[in-house]
Student: 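Right, I'll just put the structure down here and ask away after.
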Amino acid sequence: MSTRPAFTLEVGQNKYLRATADEMHAMLTIGAHGLDGLAPTVAEVILVDTSGSMGRPGTKIGAARRASAAAIDTLRDGVFFAVVSGNHEAAMVYPPVPGLAVATPEVRQEAKAAVRRLTERGGTAMSTWLRLARRILATRPAVIRHAILLTDGRNESEPAERLDAELDACAEFLSCDARGIGDGWASQELLRVVTRLNGTADAVRDDADLVADFRELARSATRRGVPDLRVRLRLLPGAEVRYVKQVFPVEADLTGRLTRTGDVVEFGTGPWGEESREYFVCVAVDPAGRDRGEDLRLARVDLEAAEGTSADVELPSAGTPILVHWTDEPVLSSRIDPKVGHHSRHLALREAIDAGRLAYESGDRAGAERAWGRAVRLATELGNARNLTWLSHLVHIVDASRGRVRLRERIDPRDMKGSQLSSWHSTLSPGTRSRRPGEGVEERLVAGGRRCSNCSRVPRARSRFCEQCGLPLPAGASSSETVTEEAVPSEALLEALPPDARPSDAVSEPPPSDALPSEAVPDTPPPEVPSELRSPEDASKDALPPEEG
């Protein structure tokens, strides 16, 4: 096996379409391996909100100073960097004039001393912060250009169009991760920034957590080895790409970034480190006049690294096909690909979290409890520890696997915002060869006969629906078998929760039953595949039948 830095690509799809269907859905799983050894030129800019609200309370500006200093300490020698203070305008903190400093022990000390003098005043105009970042990043020929943006408020000192225009200017030039501190910032605003700039958004639950977060963001940026990876789809004549969405590690609609030249459509994915990502692609083609009953290559997927990438990076030598096979056999065309099913359940998780928020804000506490209970169950089944942790601040978790929860008496606005941002974070689909570093496999004993009829996945012992497809499972049998699968054990998920959020034996609950009273368990129908992930044949069907008691 090659030891060179390399990218891998695999396609997940059900190639069969009914004879009149005109959309093919496919999941692209791309893995980057061995990139840690690369050391391209890196430039980092830290954008710190210093508007007046950062002093109310003063712990926010204090946390920003400490976190910025921690990020500076994390930068290895030779990395270009700068710190920018942002309110209704942007100003250099270090170096004192627009440009980038080179990290050395002495320079890092000077920069930290400058950061300690940060003070808060004025309003919030993020476009000025990003514009200055773009200007100073252009002063050095860096391969990886990254920004960390911290804010505690809304972008209220300028028109929204001005920020959008600056995001367009930055989109092909830098990547950006954003963090919200306090409770005055807007979730959708941060999502707009990071979606356009290939980054992540998260909430700071405790001001003291910001130091570790900034340190990890800076460390991750300096470990990236490839500035951009282009995904190119060479289409069958007459075919078109209707949309492309990144669905792991965070969801983002990339359709607006597509470029087409003849029969070739491509999009950029931003900088890469040692990681895997997944992209959902919808390709449309008219079946009229096409061959039936045989495989047809609908598209060929190729990868191309951006200029500035080390010549040592290995790419797949042959394109990977997306196939289509029109058939009159309904059993073949109705199957849901496991990868597509996995991410459809993540969409159901995000929708449940948002439904709980809307119910809570309208005063419907019972509705919020039901929705967040369903979200807890889905997060547990999907192995989504991040979402489960944020949900634990909204509800007391009684039985995670069954979605039994109790609404907390008081919910901090920061936890509501954090759960919203977290809902855009997903997990890698099971069964992929492009496993992220550190992910392993788990062996467990299961009842014989408990395999999904659609994808053959072996479920957890008490699951009533497939964890990938969402389809009802057969009843368990008396025999058993040992299987190996990629999963996060429920016990590991619960260990990730804060101690006060874990299920407690002290909670008095009735014994487990398949027919719990409706007031005790949220309504948990099997998830439908959301419209954007549904094939045409699925779209015409009713929702799956409810589970039997």
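Worth knowing before you read on, the calculation uses all heavy atoms, side chains too, and leaves out hydrogens, waters and symmetry mates. Because the structure is predicted, anything quoted here is derived from the model rather than measured.
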Student: Side-chain contact, heavy-atom cut-off 4.5 Å: H346 with L382?
Tutor: yes
Student: May I have all residue pairs that pass ring pair (Phe, Tyr, Trp, His ring centres under 6.0 Å) and include part of residues 299-334, sequence neighbours excluded?
Tutor: Y16-H325
Student: Pick one: which of K245, R350, Q246 meets side chain to side chain donor-acceptor pair (under 3.5 Å) with E251?
Tutor: R350
Student: Taking the basic N atoms (NZ, or NE/NH1/NH2) and the acidic carboxylate oxygens, is any pair closer than 4.0 Å for R196 and D164?
Tutor: no
Student: Should we count CD of E216 as having more than 12 external heavy atoms under 6.0 Å?
Tutor: yes
Student: If we only count heavy atoms from C-beta on, is the D302 to T320 side-chain gap below 4.5 Å?
Tutor: no
Student: Are E266 and R232 within salt-bridge range, i.e. N to O under 4.0 Å?
Tutor: yes
Student: Just by distance, with hydrogens left out, do E278 and S429 show a side-chain donor and acceptor under 3.5 Å apart?
Tutor: yes
Student: Are the side chain of W372 and the backbone N or O of L394 linked by a donor-acceptor pair below 3.5 Å?
Tutor: no
Student: If we ignore hydrogens and angles and just use 3.5 Å, is the side chain of T309 paired with the main-chain N or O of A306 as donor and acceptor?
Tutor: yes
Student: Give the minimum heavy-atom separation between S419 and I353, together with the two atoms involved.
Tutor: O-CG2, 3.8 Å
Student: Any donor-acceptor pair under 3.5 Å linking the side-chain atoms of T200 with those of D177?
Tutor: yes
Student: Using the rule given for side chain to side chain contact (heavy atoms under 4.5 Å, CB included), can you reason through L35 versus R223, listing the C-alpha separation, both sets of side-chain angles and the distance that settles it, and then say yes or no?
Tutor: CA-CA 8 Å; L35 270 58; R223 287 178 176 173; over 6 Å; no
Student: Determine whether a donor-acceptor pair (N or O, by modelled atom type, separation under 3.5 Å) exists between the side chain of S344 and the backbone of G341.
Tutor: yes
Student: Would you find a donor on one side and an acceptor on the other, under 3.5 Å apart, between the side chain of Q13 and the backbone of L323?
Tutor: yes
Student: Counting C-beta onward and ignoring hydrogens, is there a side-chain heavy-atom pair between L296 and L236 closer than 4.5 Å?
Tutor: yes
Student: Closest heavy-atom contact between P40 and R76?
Tutor: O-NH2, 3.4 Å
Student: List in chain and number order the residues that pass side-chain hydrogen bond (donor to acceptor under 3.5 Å, both in side chains) with R242, two or more places apart in sequence or in another chain; answer none if no residue qualifies.
Tutor: E23
Student: Mind running side chain to side chain contact (heavy atoms under 4.5 Å, CB included) on E329 and S333 for me, showing each step along the way?
Tutor: CA-CA 7 Å; E329 175 51 63; S333 62; over 6 Å; no
Student: Regarding E274 and H33, do their side chains bring together a donor and an acceptor under 3.5 Å, going by distance alone?
Tutor: no
Student: Do V301 and V231 have side chains that approach each other closer than 4.5 Å (heavy atoms only, starting at C-beta)?
Tutor: yes
Student: Could you please spell out the steps behind the side chain to side chain contact (heavy atoms under 4.5 Å, CB included) verdict for M27 and Y279?
Tutor: CA-CA 6 Å; M27 196 71 70; Y279 301 88; over 6 Å; no
Student: Check the pair D253, T195 against side chain to side chain contact (heavy atoms under 4.5 Å, CB included), reporting the backbone distance first and the verdict last.
Tutor: CA-CA 8 Å; D253 192 343; T195 298; 5.8 Å; no
Student: Between D213 and R179, does at least one N-O distance fall below 4.0 Å, as a salt bridge requires?
Tutor: yes
Student: So, do M24 and I322 sit near enough that their side-chain heavy atoms are less than 4.5 Å apart?
Tutor: yes
Student: What is the distance from atom CG of L349 to atom CH2 of W424, rounded to the nearest 0.5 Å?
Tutor: 12.0 Å
Student: Say whether, by atom type as modelled, one donor and one acceptor occur between the side chain of D228 and the main chain of T269 under 3.5 angstrom.
Tutor: yes
Student: Might you point out which heavy atoms bring G356 and A368 nearest each other, and give the distance in Å?
Tutor: O-CB, 3.5 Å
Student: Answer yes or no: is there an ion pair linking R377 with D399, defined by an N-O contact shorter than 4.0 Å?
Tutor: no
Student: Taking all atoms of both residues into account, what is the closest heavy-atom pair of S426 and H343, and its distance?
Tutor: OG-CE1, 4.0 Å
Student: Keeping the roles fixed (side chain from R386, backbone from S422), state whether a donor-acceptor pair exists under 3.5 Å.
Tutor: no
Student: Just by distance, with hydrogens left out, do N384 and R345 show a side-chain donor and acceptor under 3.5 Å apart?
Tutor: no
Student: Ignoring hydrogens and geometry, is there a side-chain-to-backbone donor-acceptor pair from S423 to Q420 under 3.5 Å?
Tutor: yes
Student: Less than 4.5 Å apart, side chain to side chain, heavy atoms only: is that true for R145 and F173?
Tutor: yes
Student: Test your reading of the model: is there a side-chain donor-acceptor pair from S175 to the backbone of N198, 3.5 Å cut-off?
Tutor: no
Student: Output yes when R335 and D337 qualify as a salt bridge under the 4.0 Å nitrogen-oxygen rule, no when they do not.
Tutor: no
Student: Give the minimum heavy-atom separation between R292 and P287, together with the two atoms involved.
Tutor: NH1-O, 3.0 Å
Student: Looking at E275 and R277, does any basic side-chain N land under 4.0 Å from a carboxylate oxygen?
Tutor: yes
Student: Establish, yes or no, whether a centroid distance under 6.0 Å links the rings of H25 and F280.
Tutor: yes
Student: Would you say the side chains of H342 and T427 form a donor-acceptor pair under 3.5 Å?
Tutor: yes
Student: Heavy-atom distance under 4.5 Å between the side chains of I397 and V395, does that happen here?
Tutor: yes
Student: So L197 and L174, do their side chains get closer than 4.5 Å, heavy atoms only?
Tutor: yes
Student: So, for V283 and A239, which heavy atoms are closest and what is the spacing to 0.1 Å?
Tutor: CG1-CB, 4.1 Å
